[in-house]
Amino acid sequence: MCRRDWPAGARCCRWHASSRWGWPVAPIPKPSWRTCAKGARTLRGDCPGSSSERCCHRPRRSGHGDEAPVQCRVMPEDLVDDAAEAGAPLEAPQQPTLEILRHSAAHLMAAAVVELFPGAQYDVGPPTSDGFFYNFRLPRGATFSEDDLAAIEKRMGQLVERRLPFERSVLGRGEARALFSELDQPFKVDIIDRLGDAVDTVGIYRTGDFVDLCRGPHVPDSGWLGAVRLMRVAGVYWRGDERNEQLQRIYGTAWFTREELDAHLERLAEAERRDHRRLGRELDLFSVSEELGGGLVLWHPNGGLVRSVIEDHWREAHRGGGYDLVFSPHIAQRGLWETSGHVDFFAENMYGPLFIDERPFQLKPMNCPFHILIYKSQARSYRDLPIRFAELGTVYRYERSGVLHGLLRVRGFTQDDAHIFCRPEQIEGEIGRVVDFCLDMFRTFGFADVNIYLSTRPDKAQGSEEDWRRAESVLEGQLRQRDIAYRVDPGAGTFYGPKIDMKVLDALGREWQCATVQFDFTQPENFQLEYTGEEGGRHRPVMVHRALLGSMERFFGVLIEHYAGHFPLWLAPVQCEIVPVQDDVPEVVALAAAVVGRLRDAGLRAAVSDKPGERLPKKIRDAELRRVPYVVAVGRRDVERGDDRVTVRDTRRGGQYELAVSDLAEQLRTEAAEKRAD
RNA sequence: GCCGACGUAGCUCAGUGGUAGAGCAGCGGUUUCGUAAACCGCUGGCCGGGAGUUCGAAUCUCCCCGUCGGCUCCA
């Protein structure tokens, strides 16, 4: 049996005796999804548990039907936790994966931290989707500052040069507990204590003087960890619960080669160049300001123009899709929100009541009660259904100050909301129709790839489990019927029903939550909605809530980043800019004005460059920086030639060519009318 | 809200105890030039706010406010 006081380099157990690289290949758990035996014990409770048990926070079924094995998306922390729980360490594969490399990098970082900060206690340190982290507590309440990262990284570099082996051993639970008690590592002791009696042995890894509770596997030695960069430090709650003490987490990224690391850093730089907050300022699209208040947005003329074009398209599509457009006020009597259940279920996101004539009013956090009142404004017959109300409805929700983020997370936003009221037998068709409608709209805006999630019953919910199961199967059925791949996101439904979420993938492959299609059998009940059936009886309609683009604010932010500010022609604030080569030649100025006039007559947004006196290259550069799709130079040469041809510069594709003005107008008109997304 | 970083001119930033700086933008002038930055000049700042330490604070300390990266939560 392994002993904790083994001499460096000694083989302390049968695992170690054979612990040379070249072990048989063992399956490596993916960092996100893994199969969980029903009732399996983990540190966060039995599995599968309710959504409050974080172990099973996001389980899914790996196939269809109840008999399919349940898989859990385990929080990154759990990886290490349940790795320890599994007892026997995993054997190393022939070829380490990126996950193994990053997990090893986390160990090495902890080793460096423990050397540089004696008394530091370490919690868990798993790989993540693009790197790794480790959580720490420093003695006497000290904290890391970002300046410490350079020192830690430097020490890691020294450990890399020493090519320290990752030495594995297996200890009995009691032995491991004693070891970590002696090392004054309470987090590890806690993990061991939570393993339960079923677990006899745990894995231990040693790197130099650093010892960690870990299942492994790891790279053979620290020499593999040359391409590592520590990124930032963050505060995190112990075991992810905000009632707990806050630890500090250091994030890093690790790659096999320097080149891969550089490429990763370049991707981050590209994301920064596309940041909608930066482009929003540079392109004068929108602003947020301290004076205005956090989470509130001002749409400037350029952004306002893009928004108008988006909204025009949206209205046109909805009218064509069988929706009726409606409008509703920003505040209403608070009683409406008591009836809807929001006061009970959504309170933490709602602003306080506002008193008018001594009666409480509520700034609206959602649009649904209004559409319900429109439904209730008259007796409805089965012949009227389905009824589809759509509205660009501005709502206000309280968000904690730390989560506000440009246009992507705000406190006041306009949802492109719709509510469908239908007969129970119509629900499947309506859900399917909405799904198709959404995917079609996304394609128009250049999002061909969409990830789809089915969110099921949360802990805090209205309605019977039976209703929920039926509703969930309707949603699932429509997705399957369309052969749409999806994932189940258990416990993530709203309080009134399950939902389908659609997340678009942008040009950088990032996922953004936009559409949500929510089944609701509780609001019709809360508001006592009815329709008269064919046989004259009273029936309760079913409701579907649907946001498509999500909110105008978020969608605009996503669009800006997706296109890096280079909007397709139909969305561009200025579609074509005319640049006079000589400002002081009246014939040239007249020609520029004439070209602008003809483009405008074709329905295009065209303008003359507003930089008189500047040189041509400067004017071109200025238009390029403002992401104007087409720039047309007109000069004395064109006037003298008099053949109505001009030079057109295509700033997105980089081409430059001569074209008759009439052809240019027609070409751009067509491109804009077709709403080409490229 | 919590951990960390940051807050200096419209924007990007330099300035770490001794008289507030640069580039770009803006304005004025010269230049009229054929596809990503002509030249000269000028304007512009209660250095986020408040309190303190000091002969003296953009600079050091404390408290607020805000922004950014995370945590938690979500459209």
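The structure displayed is predicted, hence computed values, not measured ones. Every chain is numbered from 1, with letters handed out A, B, ... down the list of sequences. Scope of the values below: all heavy atoms of this structure, side chains included, with no hydrogens, waters or symmetry mates.
- Cation-pi geometry between A:K499 and A:F519 is not satisfied (NZ or CZ under 6.0 Å from the ring centre, within 45° of the ring normal).
- Ring-base stacking between A:F144 and B:G4 is not satisfied when judged by a centre separation under 5.5 Å and a plane angle under 30°.
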Run the ring-ring contact (aromatic ring centres under 6.0 Å, His included) check on A:H562 and A:F447 step by step: do they pass?
CA-CA 9 Å; A:H562 179 55; A:F447 298 107; 4.3 Å; yes

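- The number of heavy-atom neighbours closer than 6.0 Å to CZ of A:F327, taken from other residues, nucleotides and ligands shown, is 12 or below.
- For the C1' atoms, the distance from B:C6 to B:G44 is 24 Å, rounded to whole Å.
- A:W299 has its ring centre less than 6.0 Å from the ring centre of A:F556.
- The side chain of A:R281 places an N or O atom within less than 4.0 Å of a non-bridging phosphate oxygen (OP1 or OP2) of B:U12.
- Of the side-chain N and O atoms in A:K611, none sit less than 4.0 angstrom from OP1 or OP2 of B:A25.
- Residue A:T143 has a polar side-chain atom (N or O) positioned under 4.0 Å from OP1 or OP2 of B:G4.
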Given protein heavy atoms under 4.0 Å, the one-letter contact record of nucleotides 30-43 of chain B, with B base, S sugar-phosphate only and - none, is simply -BBBBBBBB-----

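- The interatomic distance linking A:Y134 (OH) with B:G70 (P) rounds to 22 Å, in whole Å.
- The shortest distance between the side-chain N/O atoms of A:H405 and the OP1/OP2 oxygens of B:G69 is below 4.0 Å.
- By the 6.0 Å contact criterion, CD on A:E272 is open, its count of non-hydrogen atoms from other residues, nucleotides or ligands being 12 or less.
- The side chain of A:R277 contributes an N or O atom lying less than 4.0 Å from OP1 or OP2 of B:G69.
- No more than 12 heavy-atom neighbours from other residues, nucleotides or ligands sit within 6.0 angstrom of CZ on A:R243.
- Distance A:F133 CZ to B:C3 C1': 15 Å, rounded to the nearest Å.
- The shortest side-chain heavy-atom distance between A:F136 and A:I250 falls under the 4.5 Å cut-off.
- Nucleotide B:U12 has B:A22 as its partner under the Watson-Crick or G-U criteria, with both atom distances under 3.5 Å.
- Comparing A:L404 and A:N349 by the nucleotide of RNA chain B whose heavy atom lies nearest to each, the residue mapping closer to the 5' end is A:L404.
- For A:Y251 against B:G4, a side-chain-to-base donor-acceptor contact under 3.5 Å is absent.
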